[in-house]
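Here's the structure we're looking at; comments come further down.
For ligands, and for the atoms within them, numbers begin at 1 and follow the listed sequence. When a residue number appears, it is its place in the shown sequence, counting from 1.
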Amino acid sequence: MKQIRQTMEHAELLFSMTEIDQQISQLAEQLNRDYATLNPVVLCVMNGAVITLGHLLPKLSFPLQLDYIHATRYGDKRVGGELVWQARPMTDLADRHVLLIEDIFDEGYTLKALREFCLQAGASSVGCLALVNKIHSRKQGPLPEYLGLEVPDDHYVFGFGMDVEGYWRNAPGIFAVRD
Ligand SMILES: O=P(O)(O)OC[C@H]1O[C@H](OP(=O)(O)OP(=O)(O)O)[C@H](O)[C@@H]1O
Ligand code: HPA
């Protein structure tokens with residue numbers, strides 16, 4: 001517990017709540033243009049995307065249905081491993097436009113698997129939004145169609161839904177671990 005408190009005390013703020021809100025507004029504008037008539041199923045990728053989704057949804061001006069999907073490959077660690085499925089959406093995705101909402105696009109394994117799941121479930125299109133893009137050249141699968149803030153590869157980031165060792169999803173902003 002002492003160590004996890006120190007992680008927050010030593011962390012570097014990369015993006016404030018105001019900066020994040022501005023970025024989410026810009027992403028919402030793009031979605032409002034592209035999804036106005038598509039009646040999409042919006043899938044929150046649990047757990048990390050829950051705060052991004054909560055800020056994004058009230059800025060969307062078109063009819064949509066909401067569900068969630070949960071697969072994890074980091075758990076409480078800072079390095080990704082096997083993807084472990086936790087929950088599949090209850091909504092029938094056949095012939096629907098699906099929009100996946102993510103907190104971070106890092107190595108891309110998670111979104112690649114989620115896209116494939118949605119297509120196999122019969123989705124007529126799958127679009128992805130990731131609030132944060134970690135910049136490096138080890139990406140798998142296609143880039144998200146809607147990408148927000150860029151963070152460098154050299155540190156693990158947390159806050160605004162993203163955890164470090166299971167904690168600080170509640171941190172108000174996006175922070176880099178500096179320990
Ligand atoms: O691009 P990738 O390298 O695959 O990593 C991105 C994924 O990692 C995080 O999830 P995590 O496995 O930590 O689960 P969580 O959302 O419950 O924290 C994040 O929320 C993304 O889903
Ligand atoms: O840097 C990260 N922080 C939090 N969760 C993550 N999932 C992949 N990369 C990260």
Side-chain angles (χ1 to χ4, degrees), residues 3-17 19-20 23-24 27 41-57 66-89 93 98-119 121 123 126-179:
Q3 206 180 331
I4 203 71
R5 284 188 196 280
Q6 281 182 351
T7 298
M8 185 72 242
E9 282 161 19
H10 298 161
E12 179 189 346
L13 178 67
L14 299 180
F15 296 104
S16 68
M17 292 295 278
E19 290 169 312
I20 297 169
Q23 181 63 73
I24 291 178
L27 292 167
V41 179
V42 175
L43 293 182
C44 180
V45 182
M46 299 297 278
N47 291 315
V50 72
I51 300 185
T52 296
L53 182 92
H55 284 249
L56 177 71
L57 274 195
L66 180 64
D67 203 340
Y68 65 90
I69 189 166
H70 192 186
T72 174
R73 59 180 293 263
Y74 287 81
D76 291 348
K77 307 219 166 34
R78 294 187 195 176
V79 178
E82 274 296 276
L83 190 72
V84 179
W85 279 88
Q86 307 279 8
R88 291 172 173 78
L93 304 183
V98 175
L99 180 58
L100 290 160
I101 307 296
E102 264 287 26
D103 51 352
I104 185 165
F105 182 67
D106 193 335
E107 294 174 343
Y109 288 99
T110 307
L111 268 186
K112 185 168 186 284
L114 298 186
R115 271 186 202 270
E116 283 164 8
F117 169 85
C118 295
L119 289 172
V126 184
C128 302
L129 176 151
L131 176 63
V132 173
N133 185 20
K134 196 177 271 193
I135 302 299
H136 56 70
S137 55
R138 306 182 304 280
K139 304 283 186 188
Q140 301 293 315
L143 282 178
E145 288 75 6
Y146 307 92
L147 266 178
L149 305 161
E150 294 188 343
V151 299
D153 189 26
D154 53 350
H155 283 93
Y156 201 75
V157 298
F158 69 94
F160 207 77
M162 292 176 283
D163 75 300
V164 52
E165 285 144 31
Y167 285 89
W168 294 126
R169 292 188 195 273
N170 51 314
I174 295 173
F175 296 82
V177 173
R178 298 280 185 224
D179 57 21

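Within the structure, the closest approach of Y74 to ligand 2 falls below 4.0 Å when heavy atoms are considered.
Y74 CE1, 3.2 Å is the protein heavy atom nearest to atom 5 (O) of ligand 1. Nearest protein heavy-atom contact of atom 10 (C) of ligand 2 is Y156 CE1, 3.6 Å. For atom 9 (N) of ligand 2, the closest non-hydrogen atom of the protein is D106 OD2, 2.7 Å. The protein heavy atom nearest to atom 17 (O) of ligand 1 is N47 N, 3.2 Å. When hydrogens are left out, the protein atom nearest atom 7 (C) of ligand 1 is T110 OG1, 3.5 Å; that is the closest non-hydrogen contact. The shortest contact between atom 16 (O) of ligand 1 and any protein heavy atom is with G48 N, 3.0 Å. Among all protein heavy atoms, the one lying closest to atom 21 (C) of ligand 1 is E102 OE2, 3.2 Å.
Ligand 2 has no nitrogen or oxygen under 3.5 angstrom from a nitrogen or oxygen of H155. Taking any N or O of D163, backbone or side chain, none lies under 3.5 Å from an N or O belonging to ligand 2. Here's the thing with G108: one of its N/O atoms is less than 3.5 angstrom from an N/O atom of ligand 1. Of the polar atoms of F105, none of the N or O atoms is found under 3.5 Å from an N or O of ligand 1, judged by distance alone.
For the atom pair CG (L131) and CG (L27), the distance works out to 7.0 Å, reported to the nearest 0.5 Å.
Under a 4.0 Å criterion applied to the non-hydrogen atoms of V157, ligand 2 contributes the atoms 1 (O), 2 (C), 3 (N), 4 (C). In summary, the atoms of ligand 1 found under 4.0 Å from a heavy atom of D106, numbered by their order in the structure, are 1 (O), 2 (P), 3 (O), 5 (O). Which parts of ligand 1 touch T72 is read off a 4.0 Å heavy-atom cut-off, strictly below it: atoms 11 (P), 12 (O), 14 (O). Under a 4.0 Å criterion applied to the non-hydrogen atoms of K134, ligand 2 contributes the atoms 1 (O), 2 (C). Atoms of ligand 1 lying under 4.0 Å from any heavy atom of D103, numbered from 1 in the order shown and given with element: 19 (C), 20 (O), 21 (C). Residue M46 has at least one heavy-atom neighbour below 4.0 Å for each of these atoms of ligand 1: 16 (O).
Relative orientation of the F175 and F158 rings is parallel, given thresholds of 30° and 60° on the angle between their planes.
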### Task
Decide side-chain contact (heavy atoms from CB on, under 4.5 Å) for D153 and R138; before the verdict, give the C-alpha distance in whole Å, the side-chain angles of both, and the deciding distance to 0.1 Å.
CA-CA 10 Å; D153 189 26; R138 306 182 304 280; 2.9 Å; yes

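Checking E107, R169, Q140 against atom 2 (P) of ligand 1, the nearest heavy atom belongs to E107.
Atom NZ of K112 is surrounded by 12 or fewer heavy atoms from other residues, nucleotides or ligands within 6.0 Å. Surrounding CZ of R5 are at most 12 heavy atoms belonging to other residues, nucleotides or ligands under 6.0 Å away. More than 12 non-hydrogen atoms from other residues, nucleotides or ligands lie less than 6.0 angstrom from CZ of F105.
The side-chain heavy atoms of H55 and I20, taken from C-beta on, include no pair separated by under 4.5 Å. In this structure, T7 and Y167 have side chains that are not in contact, with every pair of non-hydrogen atoms separated by 4.5 Å or more.
At a heavy-atom cutoff of 4.0 Å, ligand 1 is contacted by the side chain of D163 but not by its backbone. Residue contacts with ligand 1 for I104 involve both N, CA, C or O and side-chain atoms from C-beta outward (heavy atoms, distance under 4.0 Å).
Salt-bridge annotation for E145 and R115: present, with a side-chain N of the basic residue lying under 4.0 Å from a carboxylate O of the acidic one.
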